[in-house]
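The basis for the numbers below is simple: all heavy atoms, side chains too, and nothing from hydrogens, waters or symmetry mates. Ligands are counted one by one from 1 in listed order, and the atoms in each one are counted from 1 as well. Positions are given from 1 along the sequence.
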Amino acid sequence: MSLHIDLHGRLGDFVFNFELSLPLQGAIGIFGPSGVGKTSILRAICGLERELDGTVVLGDDVLQDSNHRLFVKAEKRGIGMVFQDSRLFPHLTVRKNLQLALNQTNNPIFGIDELARECDFEVLLDQPAPSLSAGQRQRVAIARALIAAPRLLLMDEPLAALDVDSRQRILDFLHRVSQRLPIIFISHSVAETLSLCDPIVVMAPGRVEAVGNAQQVDHLLPRRRGTGTVVNFDAERGEVTLRLDEFAPDFTLEQVVGLVSEPNWLRGRE
Ligand SMILES: Nc1ncnc2c1ncn2[C@@H]1O[C@H](COP(=O)(O)OP(=O)(O)OP(=O)(O)O)[C@@H](O)[C@H]1O
């Protein structure tokens, strides 16, 4: 199955001129700084964004063709979507949320118990949805998207609410899932994207900047390591001042960063 997208137009003041054609196989990453249009493109693929003009073709199915006033509704596209803050039906238990999604397909590829085991929420199956933490809700949302047996799964920062262990577990699971159905995956984490996705689509504002494997797009990905010099250390106030010798990542105020005093510790780690 292949995906062809040619979308242009504006969302507010933001201009899109987005063209992408690629075979859908395995997990495809979309990477780019905040605000370049990643979420909008996923929304357009699954039929939630009507403001952009052009064409979206999935396999043999034309999902959008603005010249012919064709726009297939989201629920008819057979595409699953997991957002960063996916919601569940609050009046239902986890199991009933999943059952509802299961009822929408004639050819399920996963069962409820299998997904609950893979995504590690078996003990939550009979809990009411509102009692779940953000990370638990996110794992159930991934299962819910899969249980409807989509032909393509779109994921927008799906692991953001998860702790490190669950993140690795779900990444391993998604890797196996991607061998059965294609996934398009957005993450701000270079490590997550590289570990799951090939190829990676790197976006510049409103357009594709490059498509390629990790090696081919490496020069466009943010640097994750560098060296610095401690220029001041005030133990009483708990303040360290660093001069970064090689590069300056986009630190934000109040961001918590880790410092490693033994560089060997970093080898092989993110
Ligand atoms: N419905 C809309 N109306 C007006 N502007 C919009 C609309 N949807 C998106 N935009 C604008 O389009 C641009 C791209 O937004 P989008 O959320 O797609 O980027 P993103 O790359 O996913 O960002 P982030 O990584 O922060 O989630 C932003 O400038 C945003 O304000």
Note to self: I'd like to know if the side chain of Ser178 and the backbone of Gly26 have a donor-acceptor N/O pair within less than 3.5 Å.
What the structure shows: no
Check: For ligand 1, what are the residues with a heavy-atom contact below 4.0 Å?
Finding: Leu11, Gly12, Phe14, Pro33, Ser34, Gly35, Val36, Gly37, Lys38, Thr39, Ser40, His188
Notebook entry, point to check: Could you give all pairs that pass the side chain to side chain donor-acceptor pair (under 3.5 Å) test and reach residues 23-43, with sequence neighbours left out?
Noted result: Thr39-Asp156
Notebook entry, point to check: So does Asp60 have more than 12 non-hydrogen atoms from other groups sitting under 6.0 Å from CG?
Noted result: no
Only distances under 3.5 Å count here; give the side-chain donor-acceptor pairs of residues 1-16 to other protein atoms, sequence neighbours excluded, each with its distance to 0.1 Å.
unit_1: Ser2; atom_1: OG; unit_2: His4; atom_2: NE2; d: 3.4
unit_1: His4; atom_1: ND1; unit_2: Ser21; atom_2: OG; d: 2.6

Check: Is the number of heavy atoms from other residues, nucleotides or ligands within 6.0 Å of NE2 (His91) greater than 12?
Finding: yes
Using atom types as modelled, flag every donor-acceptor pair under 3.5 Å from a side chain in residues 134-144 to any protein atom, sequence neighbours excluded.
unit_1: Gln136; atom_1: OE1; unit_2: Ser133; atom_2: N; d: 2.8
unit_1: Gln136; atom_1: OE1; unit_2: Ser133; atom_2: OG; d: 3.4
unit_1: Gln138; atom_1: NE2; unit_2: Phe83; atom_2: O; d: 2.6
unit_1: Gln138; atom_1: NE2; unit_2: Gln84; atom_2: O; d: 3.4
unit_1: Gln138; atom_1: NE2; unit_2: Pro158; atom_2: O; d: 3.3
unit_1: Arg139; atom_1: NH1; unit_2: Cys119; atom_2: O; d: 3.2
unit_1: Arg139; atom_1: NH1; unit_2: Asp120; atom_2: O; d: 2.6
unit_1: Arg144; atom_1: NH1; unit_2: Arg87; atom_2: O; d: 3.1
unit_1: Arg144; atom_1: NH2; unit_2: Arg87; atom_2: O; d: 2.8

